[in-house]
Amino acid sequence: MSDKGSDDDGPRRGDDTGVLTKPRARTQRPPLYKVLLLNDDYTPMEFVVHVLERFFGMTHAQAFDLMLTVHKKGVAVVGVFSFEVAETKVAQVMDFARRHQHPLQCTMEKE
Ligand code: TYC
């Protein structure tokens, strides 16, 4: 099934005009969630770069640029995912940071 296609049974005959009308599709797209990384004063820059490479599939250059954005602005969106994937990414980052005793914070919010 296409994500933009209709779920109906195709054209229907109108009341008495002979015009075929196509009912609007009511298919809902699942909600998406932004994963946010927060700045802090203690987590080493290289650790954040490694997190972005490891859990968000970024190149070193992409990860470095985004780390600097978080460092300067305080927060940035690092990806947009389904609820389940976003929840997993947040848990992976929080667990990895905790295991390395860094206070790095990662959260999610509905788009
Ligand atoms: N501000 C940190 C430092 O100066 C680096 C940092 C960047 C920490 C991004 C967290 O999400 C973060 N060492």
Side-chain angles (χ1 to χ4, degrees):
M1 191 196 299
S2 113
D3 61 342
K4 281 199 178 119
S6 58
D7 262 341
D8 59 54
D9 299 315
R12 305 266 175 77
R13 193 172 296 284
D15 291 341
D16 55 2
T17 62
V19 175
L20 295 175
T21 59
K22 187 179 173 193
R24 263 174 174 275
R26 295 289 175 207
T27 313
Q28 295 289 314
R29 269 185 265 274
L32 291 173
Y33 290 79
K34 297 182 283 194
V35 171
L36 307 162
L37 202 60
L38 278 61
N39 187 39
D40 66 73
D41 292 338
Y42 306 103
T43 304
M45 290 184 173
E46 274 314 316
F47 183 82
V48 178
V49 171
H50 180 69
V51 162
L52 293 172
E53 291 172 339
R54 180 172 178 139
F55 298 113
F56 297 92
M58 295 182 194
T59 65
H60 190 78
Q62 289 170 334
F64 190 85
D65 285 354
L66 195 45
M67 179 281 296
L68 269 192
T69 298
V70 179
H71 176 71
K72 289 186 211 159
K73 295 187 185 280
V75 61
V77 175
V78 299
V80 178
F81 308 98
S82 69
F83 181 85
E84 289 80 3
V85 174
E87 209 183 26
T88 300
K89 301 276 182 200
V90 170
Q92 286 173 331
V93 172
M94 295 297 283
D95 184 57
F96 192 63
R98 187 190 52 74
R99 274 163 30 216
H100 289 84
Q101 300 184 300
H102 295 311
L104 183 64
Q105 294 292 304
C106 185
T107 61
M108 62 193 269
E109 66 179 40
K110 203 169 178 180
E111 208 177 41

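Excluded from the calculations below are hydrogen atoms, water molecules and symmetry mates; all remaining heavy atoms, backbone and side chain alike, are included. Both ligands and their constituent atoms are indexed starting at 1 by order of listing. Just so you know, these numbers come straight off a predicted model, no measurement behind them.
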Side chains of residues 73-95: which donor-acceptor pairs under 3.5 Å do they make with residues two or more places apart or in other chains?
from: Ser82; atom 1: OG; to: Val85; atom 2: N; distance (Å): 3.3
from: Thr88; atom 1: OG1; to: Glu84; atom 2: O; distance (Å): 2.9
from: Lys89; atom 1: NZ; to: Phe55; atom 2: O; distance (Å): 2.9
from: Asp95; atom 1: OD1; to: Arg98; atom 2: NH2; distance (Å): 2.7
from: Asp95; atom 1: OD2; to: Arg99; atom 2: NH1; distance (Å): 2.8

Quiz prompt | Under 4.0 Å from ligand 1 - residues by heavy atom, chain and number | solution =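 Contacting ligand 1 under 4.0 Å are Leu37, Leu38, Asn39, Asp40, Thr43, Met45, Val48, Met67, Val70, His71, Leu104.
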Quiz prompt | Partners passing ring-ring contact (aromatic ring centres under 6.0 Å, His included) against His71 (at least two apart in sequence or in another chain) | solution =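 With sequence neighbours excluded, His71 shows a ring-ring contact (aromatic ring centres under 6.0 Å, His included) to no residue whatsoever.
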Quiz item: So, does Thr69 use its side chain to make a donor-acceptor pair with the main chain of Asp65 at under 3.5 Å?
Solution: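 Judged by distance alone, yes, a pair lies under 3.5 Å.
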Exercise. Evaluate the side-chain proximity of Val70 to Val48: yes if any heavy-atom separation is below 4.5 Å, no if none is.
Key: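 No. Closest side-chain heavy atoms not under 4.5 Å.
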Quiz item: Taking all atoms of both residues into account, what is the closest heavy-atom pair of Gly57 and Gln62, and its distance?
Solution: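 For Gly57 versus Gln62, the nearest heavy atoms are O-OE1, 4.4 Å.
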Self-check item: salt bridge (Lys or Arg N to Asp or Glu O under 4.0 Å): pairs with one or both residues in residues 32-47, sequence neighbours excluded
Solution: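 Pairs touching residues 32-47 that pass the test: Lys34-Glu109.
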